[in-house]
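Okay, so here's the structure we're looking at.
Just so it is clear, the values below take in all heavy atoms, side chains as well, and ignore hydrogens, waters and symmetry mates. Note that this is a predicted model, so its numbers are computed, not measured. Numbering of ligands and ligand atoms starts at 1, following listing order.
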Amino acid sequence: MTTATDPQPRDAQKMEKIVSLCKRRGFIFQSSEIYGGLNGAWDYGPLGVELKRAVKDHWWRHMTQLRDDIVGMDGSILMNRAVWKASGHETTFSDPMVDCKTCKKRFRADQLDTSECGQKPSKTPATCGGDFTEARAFNLMFKTYVGPVEDDSSMAYLRPETAQAMFVQFKNVLEVARKKLPFGIVQIGKAFRNEINPRNFTFRSREFEQMELEYFIPDSEADGLRWTDYWLEERLKWYESIGIPRSKIHIYDVPKEKLAHYSKKTYDLEYHFPFGVQELEGIAYRTDFDLKQHQNASGKPLEYFDEEQKRKFIPHVVEPSAGVDRTVLAILCEAYAEEEVKDEAGKTETRTVLRFAPCIAPIKCGIFPLLKNKPELVAKAKEVRDLLRNHMTIFYDDAGAIGRRYRRQDEAGTPFGVTIDFDTLGEKGPELKDTVTLRERDSMKQERVKISSLLETLMPKIRT
Ligand code: ATP
């Protein structure tokens, strides 16, 4: 739980525009909206779900397919309660909470200077003069019951992180993966935290998704520090590959006195969101804390046998832990742009564009027949659609003026558009027959491309 040292100017207006675009274009809706919503819960609409899937697929590919040393797993959300006792979550996974007796709102004690007072929204609880209770620890884990009897013995938690499944399955995975150290396990999945103050759109939700890596390494501190730096660099490169430049990420090297008790080194990667500089991902060297805790509590050995050194030990671990929803939000904030352009009649208009990196764009290519009532054009456009949709997400749009259709796709962040016109049909001569106009979203440049070379032109641009 950290904040950056260099506060940035807030841009509430930009954030409002992004939230409104997300709803209007179907990226993100409030959960249970028709019933007034549920605080801290969000639904991803048609574009949002594609964006989120693309981010997760991209992360997964970079972590597993493109490497030899990492394998994946998918653990259950419900786990034996003993897991959370051993991990320390049952006793220590809490935030300090205070109640305001004046406005009756509840706040995180460490966020009094950034929260909003319940009675005077222009003030913070730190300045409103409210009457607060002493701070109390509030455990963030959601409780539920497994089976028909609701008593202490059937109590279980919704996991507050995905990591623990990878620790408790360490031995099973190690045996089947037949890997030597260093090796890692990755997982993507839902996590739940009963946050005291969900806020800043999806940034702090009660239900969210994580992408976590547990990277197991030899048991020396020198190795731990080296691999933490290695993963810092790898993760920065990954963010760059999805369109979040290093210059927008603040690396918070958590000072020793603020480290969690099990960590010898932690970097928080913080993004310059419009509402401030906030954590996107934590990269923590967790020593052998987790495996040791589970070995002691379960009585089952979780050691690694080093064949060369003929020595058994509990591996240490470096954990890069990223939030899917926070990554998606950072991508949206980074991609959002408004610019003045000339429309077809030469009039100046404002175009809203999401400049997504093509590899994570929800729709890769728009397909536009110039007219929808000309059967030959429509047939050709459908031919192009069928050619491309086998390889990428596409959107077929035949409604309205072509300029309007381009704008709609600009707003959806679609990097490419293909227009099928009379030239495609060969009406202006054989040399243009079976060519289409390929439009690039950011430069708005258009070039003529043969239908037969469309795939080879687009594929290298949308894959990384
Ligand atoms: P914070 O300080 O913001 O509460 P944290 O340090 O508790 O975060 P971790 O436990 O390190 O977070 O979780 C790893 C990642 O999971 C975070 O970097 C973030 O991307 C994501 N995450 C954690 N809590 C939430 C939440 N309430 N909503 C959305 N994403 C979250």
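- Residues in residues 216-225 take part in these side chain to side chain donor-acceptor pair (under 3.5 Å) pairs, two or more places apart or across chains: Asp219-Arg311, Ser220-Asp223, Glu221-Lys264, Asp223-Arg226.
- A 4.5 Å side-chain heavy-atom check between Val324 and Trp59 finds every atom pair outside the cut-off.
- Geometrically, ligand 1 and Asp325 share no nitrogen or oxygen pair separated by less than 3.5 Å.
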* To do: Please step through ring-ring contact (aromatic ring centres under 6.0 Å, His included) for the pair Phe203 and Phe275, ending with a clear verdict.
  => CA-CA 10 Å; Phe203 178 84; Phe275 45 82; 5.5 Å; yes
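- On a distance-only criterion, Phe203 and ligand 1 share at least one N/O pair closer than 3.5 Å.
- Considering backbone and side-chain atoms together, Glu212 places no N or O closer than 3.5 Å to any N or O of ligand 1.
- For ligand 1, one of its N or O atoms has an N or O atom of Leu280 under 3.5 Å away.
- The closest heavy-atom contact to atom 3 (O) of ligand 1, among the options Glu319, Arg204, Arg193, Glu279, comes from Arg204.
- Near Ser321, meaning under 4.0 Å from one of its heavy atoms, ligand 1 places the atoms 13 (O), 14 (C), 15 (C), 18 (O).
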* To do: Go through the steps for Glu209 and Lys52 under the test salt bridge (Lys or Arg N to Asp or Glu O under 4.0 Å), then give the verdict.
  => CA-CA 10 Å; Glu209 265 185 286; Lys52 202 176 180 199; 2.8 Å; yes
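- Residue-environment remark: NZ (Lys105) exceeds the threshold of 12 foreign heavy atoms within 6.0 Å.
- Look at Glu234 and Lys237 and you find a salt bridge, because one of the NZ, NE, NH1 or NH2 atoms lies within 4.0 Å of a carboxylate O, short of that distance.
- A cation-pi contact links Arg235 to Tyr239, judged by a cut-off of 6.0 Å to the six-membered ring centre and 45° from its axis.
- Residue contact annotation: Glu281 has a non-hydrogen atom under 4.0 Å from ligand 1.
- Of the polar atoms of Thr202, none of the N or O atoms is found under 3.5 Å from an N or O of ligand 1, judged by distance alone.
- Among Phe208, Phe93, Trp42, the residue whose heavy atom sits closest to atom 26 (C) of ligand 1 is Phe208.
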